[in-house]
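Here the structure is laid out as structure tokens; the discussion comes afterwards.
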Number of protein chains: 2
Amino acid sequence: MAVEPQQVRALIHGVFDLQRVLRCVAQEHKSSEVGSAEAGVLRMISEFGGRAVDIAEKLSVSAPVLSRHIAELHDRGLVTRRPDPEDRRAQLLELTETGKARLAEIEEARISLILELLEGWDEAEVESCAASIRRLTDTMRAKSHTLKGGSLDHTETTKEEELAAR
Amino acid sequence: MAVEPQQVRALIHGVFDLQRVLRCVAQEHKSSEVGSAEAGVLRMISEFGGRAVDIAEKLSVSAPVLSRHIAELHDRGLVTRRPDPEDRRAQLLELTETGKARLAEIEEARISLILELLEGWDEAEVESCAASIRRLTDTMRAKSHTLKGGSLDHTETTKEEELAAR
DNA sequence: TATTGTTATACTCTATAACTATA
DNA sequence: TATAGTTATAGAGTATAACAATA
């Protein structure tokens with residue numbers, strides 16, 4: 001039950017090491033046209049569409065950052081903006097046909113690259129690795145939201161502790 | 001044996017999602033004094049010490065980037081540089097006592113943060129997550145080195161394919 | 001000639017602050 | 001007042017190119 005600090009240390013270093021390798025791989029195979037942040041924008045618009053503010057939230061990015069990426073993608077004809085009929089402040093985002101095609105290219109290139117890099121892995125290994133990473137992400141996202149107010153925000157914990165103490 | 005493209009796609013998206021959450025967590029808890037890149041430099045000097053070029057290689061960072069970080073850390077009294085007696089072009093890096101103390105603080109803060117975020121995980125889960133991530137990192141690092149020359153460099157693959165074809 | 005390290009410059013991605021328009 | 005989006009500005013992190021000193 002007790003997680004050792006040294007284990008967590010190893011996990012942290014492992015994550016940093018992963019990020020370094022990812023940076024190198026991205027650097028070596030960067031597509032000249034669409035940056036990785038913009039690719040993320042295309043992906044989120046493709047998956048969820050809709051209002052810019054929601055896309056920014058899914059990307060965990062501030063509004064100005066998304067605004068610039070959208071402007072850039074719009075200028076290059078990859079994204080359309082149209083006013084939200086229900087809220088004239090907002091705009092609804094969609095991929096153009098070109099945008100869809102470009103996203104598909106990016107995803108295919110990435111998949112074939114990683115497939116090549118993972119040569120020798122089997123289905124179960126990929127699945128379990130993806131599941132580990134997803135679980136880590138989900139845990140951190142959930143907990144970091146509840147801790148957002150700082151360590152003084154113990155409202156919920158206190159209730160649970162009261163129950164547990166009986 | 002056959003890894004499905006859709007599995008790899010899920011893994012890729014999972015890794016990007018992880019990076020977003022990590023960025024947010026780092027943003028929320030950033031230490032005002034030492035940036036995350038500099039913290040990496042401190043860690044590598046602490047673990048391996050020695051020549052700057054070797055530290056740069058371990059960090060997968062170009063020489064100018066490391067040079068600036070080292071200059072910054074040196075100015076703040078966290079790192080010492082002394083000429084390599086065996087090669088007067090090179091310099092040997094070490095942490096000062098202050099540097100060691102600062103690195104220890106950073107690591108402790110990170111560990112206690114992640115320990116808190118991983119509340120509810122048990123030892124085995126942390127271990128298996130760290131192992132998955134380490135294995136992914138190692139595979140990508142090894143393969144990306146062998147693929148460095150581009151997709152035209154099929155020398156080794158060809159030999160294996162010849163054998164496999166028989 | 002090749003390597004170690006530095007300086008100059010530029011690129012990518014991000015954030016905060018100040019603003020406009022709408023709710 | 002609060003929210004959606006934009007623009008201006010700044011900061012962190014990285015890369016390439018050109019250079020100095022040494023091997």
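By convention in this document, chain letters (A, B, ...) are assigned in the order of the sequence lines, proteins followed by strands, and residues within each chain are numbered from 1.
When every heavy atom of Arg81(A) is checked against every heavy atom of Ala71(A), the shortest pair comes out as NH2-CA, 4.1 Å. Nearest heavy-atom pair across Val34(A) and Ala39(A) is CG1-N, 3.6 Å. Counting all heavy atoms, side chain and backbone alike, Asp122(A) lies closest to Val3(B) at C-CG2, 3.9 Å.
Toward the 5′ end of DNA chain C lies the nearest nucleotide of Val53(B), the other residue of the pair Val53(B) and Gly35(A) mapping further downstream. With DNA chain D read from its 5' end, the first of the two nearest nucleotides for Ala52(A) and Lys30(A) is the one closest to Ala52(A).
Going from atom OG of Ser60(B) over to atom CD of Gln19(A) covers 12.0 Å, rounded to the nearest 0.5 Å. From Glu33(A), atom CD reaches atom CG of Leu78(A) across 8.0 Å, with rounding to the nearest 0.5 Å. Taking CE from Met44(B) and CG from Leu59(B), the interatomic distance works out to 5.0 Å, rounded to the nearest 0.5 Å.
With a heavy-atom cut-off of 4.0 Å to chain A, the contacted part of DNA chain C has its first and last nucleotide at dC13(C) to dA23(C).
In this structure, Leu73(B) atom CG and dG13(D) atom P are separated by 11 Å, rounded to whole Å. Following rounding to the nearest Å, Ile55(A) (CD1) and dA4(D) (P) show an atom-to-atom distance of 13 Å. Atom CG in Leu66(A) sits roughly 11 Å away from atom C1' in dA4(D) (whole-Å rounding). Taking atom CZ of residue Arg20(A) and atom C1' of nucleotide dA15(D), one finds them 17 Å apart after rounding to whole Å. Counting to the nearest Å, the C1' atom of dT14(D) and the CD atom of Glu72(B) are 16 Å from each other. Between Ile45(A) atom CD1 and dG5(D) atom P the separation is 11 Å, expressed in whole Å. Computed from coordinates, the His69(A) NE2 to dT6(D) P distance equals 13 Å when rounded to whole Å. Rounded to whole Å, the distance from NE2 on His74(A) to P on dT7(D) is 12 Å.
The residues Asp138(A) and Arg135(A) are annotated as not salt-bridged, no charged nitrogen and carboxylate oxygen being separated by less than 4.0 angstrom. Checked for salt-bridge contact, Asp17(A) and Arg43(B) meet the test: a charged N lies under 4.0 Å from a carboxylate O. Under a 4.0 Å N-O distance rule, the pair Glu94(B)/Arg82(B) qualifies as a salt bridge.
Residues of residues 77-92 of chain A having a heavy atom closer than 4.0 Å to DNA chain C, listed by number: Asp87(A), Arg88(A), Arg89(A). Applying a 4.0 Å cut-off to non-hydrogen atoms, none of the residues of residues 103-111 of chain B approaches DNA chain C.
Side-chain nitrogen and oxygen atoms of Ser36(B) include at least one within less than 4.0 Å of the OP1 or OP2 phosphate oxygen of dG13(D).
Within the nucleic acid shown, Val65(A) comes within 4.0 Å of at least one base atom, counting heavy atoms only.
Panel note: side chain Thr137(B), backbone Ile133(B); a donor-acceptor pair is recorded below 3.5 Å.
Within a 6.0 Å sphere centred on CD of Glu57(A), other residues, nucleotides and ligands contribute 12 heavy atoms or fewer.
Residue Val79(A) is tested with Val41(A), Ile45(A), Thr96(A), Thr98(A) for a side-chain contact (heavy atoms from CB on, under 4.5 Å); the sole match is Ile45(A).
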